[in-house]
Amino acid sequence: MKSFYFFLLIAFLSVGSQAQTLTFKTSSVSVTEKNDKGKWNNWSEFVDADLIITIDGKKNRIVVNSPDIQVFTIKAYGEKIENDDQKIVPFECVDNNGSKCNIIVITHKKENNRMQFYINYSEVKFVYNIYN
């Protein structure tokens, strides 16, 4: 019986140690919206955006420290996709207003590991250029 509790303790500690907090800085942001026909418009020009984004795996929360702070609760962690060109890390989230969205962090390997942070709603999408 002691070995069973020891096993549970080790399992708990190994899962807990995988949760981490990542902090990114943003340099710029772009947005797109769906038009009246349900098609996505072109992305806007990037504009300067000096913000902090925090992904907190322990609290299952993502925070975008914009003038109106955006808090997202992570409902599900998607499967990381990695190929020669990109590394994609997806999250299924709910924002502080209860709206569902998908957040995706993309690392463009062949572009000097340039990183982008997408917030995708059904009617609008935001993309931030980010760095550590």
Side-chain angles (χ1 to χ4, degrees):
M1 191 58 131
K2 287 183 183 180
S3 63
F4 175 73
Y5 288 118
F6 180 73
F7 173 76
L8 282 179
L9 177 64
I10 296 299
F12 176 76
L13 290 175
S14 66
V15 169
S17 67
Q18 292 176 351
Q20 58 182 313
T21 301
L22 301 171
T23 302
F24 301 98
K25 294 179 182 179
T26 68
S27 60
S28 55
V29 64
S30 176
V31 64
T32 184
E33 296 178 293
K34 281 190 179 176
N35 62 26
D36 295 337
K37 297 179 181 180
K39 302 281 185 184
W40 290 103
N41 290 320
N42 291 332
W43 286 95
S44 67
E45 292 292 321
F46 276 96
V47 295
D48 290 344
D50 185 19
L51 309 172
I52 301 291
I53 296 175
T54 305
I55 301 174
D56 189 336
K58 292 179 184 176
K59 295 180 180 177
N60 293 317
R61 183 170 60 190
I62 298 172
V63 178
V64 178
N65 289 288
S66 54
D68 291 326
I69 294 178
Q70 303 169 65
V71 180
F72 302 91
T73 300
I74 301 169
K75 294 296 184 181
Y77 292 82
E79 286 291 323
K80 180 173 77 169
I81 301 166
E82 190 164 358
N83 57 39
D84 291 340
D85 297 328
Q86 298 178 324
K87 179 170 63 171
I88 301 169
V89 182
F91 305 89
E92 291 179 27
C93 298
V94 175
D95 69 15
N96 46 342
N97 295 320
S99 298
K100 293 180 181 179
C101 62
N102 291 308
I103 291 179
I104 303 167
V105 179
I106 299 177
T107 303
H108 301 278
K109 293 179 178 181
K110 292 185 176 180
E111 297 177 29
N112 209 20
N113 288 322
R114 182 174 66 92
M115 297 176 69
Q116 293 186 302
F117 180 90
Y118 286 83
I119 304 172
N120 297 330
Y121 288 97
S122 60
E123 300 294 321
V124 64
K125 295 179 183 182
F126 301 89
V127 59
Y128 292 90
N129 286 315
I130 60 174
Y131 59 97
N132 295 67

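Just so you know, residue 1 is the first one in the sequence shown, and it goes up from there.
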Report the C-alpha separation of D85 and K109 in whole Å, then their side-chain angles, then the decisive distance to 0.1 Å, and conclude whether the side-chain contact (heavy atoms from CB on, under 4.5 Å) test is met.
CA-CA 5 Å; D85 297 328; K109 293 179 178 181; 5.9 Å; no

Please test F117 against F24 for ring pair (Phe, Tyr, Trp, His ring centres under 6.0 Å), starting from the C-alpha separation and ending with a verdict.
CA-CA 9 Å; F117 180 90; F24 301 98; 7.6 Å; no

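Once rounded to the nearest 0.5 Å, the distance linking NZ of K100 with OG of S122 reads 11.0 Å. Distance CZ/R114 to CG/N112: 10.5 Å, rounded to 0.5 Å. How far CZ of R61 is from CD1 of I55: 13.0 Å, rounded to the nearest 0.5 Å. Summarising the geometry, atom OG1 belonging to T26 is positioned 11.0 Å from atom CZ belonging to F46; distances are rounded to the nearest 0.5 Å. In this structure, CG on D48 lies 8.0 Å from OG on S27, to the nearest 0.5 angstrom. Put simply, CD on Q70 and SG on C101 are 9.0 Å apart, with the number rounded to the nearest 0.5 Å.
S44 contributes a side-chain N or O that, together with a main-chain N or O of V31, makes up a donor-acceptor pair within less than 3.5 Å. Remark: the backbone N or O of K39 is paired with a side-chain donor or acceptor of N35 at under 3.5 angstrom. Under a 3.5 Å cut-off, the side chain of N97 and the backbone N or O of S99 do not form any donor-acceptor pair.
In the hydrophobic clustering of this structure, W43 groups with I104; members are Ile, Leu, Val, Met, Phe, Trp, Tyr whose side-chain heavy atoms approach within less than 4.5 Å, directly or through other members. I119 is connected to L51 through a chain of hydrophobic side-chain contacts under 4.5 Å among Ile, Leu, Val, Met, Phe, Trp and Tyr, so both are in one cluster. One hydrophobic cluster holds both Y118 and I81 under the rule that ILVMFWY side chains link at heavy-atom gaps under 4.5 Å. Tracing side-chain contacts under 4.5 Å through hydrophobic residues (I, L, V, M, F, W, Y), one reaches F91 starting from M115; they form part of the same cluster. Residues V124 and V127 are members of separate hydrophobic clusters, defined by side-chain heavy-atom contacts under 4.5 angstrom among Ile, Leu, Val, Met, Phe, Trp and Tyr.
In plain terms, the two heavy atoms of D84 and K110 that are nearest each other are O-CE, 3.8 Å. Across all their heavy atoms, Q20 and L22 have their closest contact at OE1-CD2, 3.7 Å. Closest non-hydrogen pair, I106 versus Q86, comes out as CG2-NE2, 3.8 Å. Residues E33 and W40 share a closest heavy-atom pair of C-CE3, 3.6 Å. The two residues N42 and T32 have their closest heavy-atom pair at O-OG1, 3.7 Å.
Between the side chains of N113 and T107, not a single donor N or O lies within less than 3.5 Å of an accepting N or O. Y121 and N102 form no side-chain donor-acceptor contact under 3.5 Å, judged by distance and modelled atom types alone.
For the pair S28 and V47, the minimum side-chain heavy-atom distance is 4.5 Å or more. Using a 4.5 Å heavy-atom threshold, the side chains of T23 and I52 count as touching. Inter-residue side-chain proximity for V105 and I88 is flagged as unmet; no heavy-atom pair is nearer than 4.5 Å. In this structure the side chain of F72 reaches within 4.5 angstrom of the side chain of V64, judged on heavy atoms. With contacts defined as side-chain heavy-atom distances shorter than 4.5 Å, the pair I53/N65 does not qualify.
Through side-chain heavy atoms spaced under 4.5 Å, either directly or across other Ile, Leu, Val, Met, Phe, Trp or Tyr residues, I69 is tied to V63, V71.
The neighbour count for K34 NZ, taken as heavy atoms of other residues, nucleotides or ligands under 6.0 Å away, is above 12.
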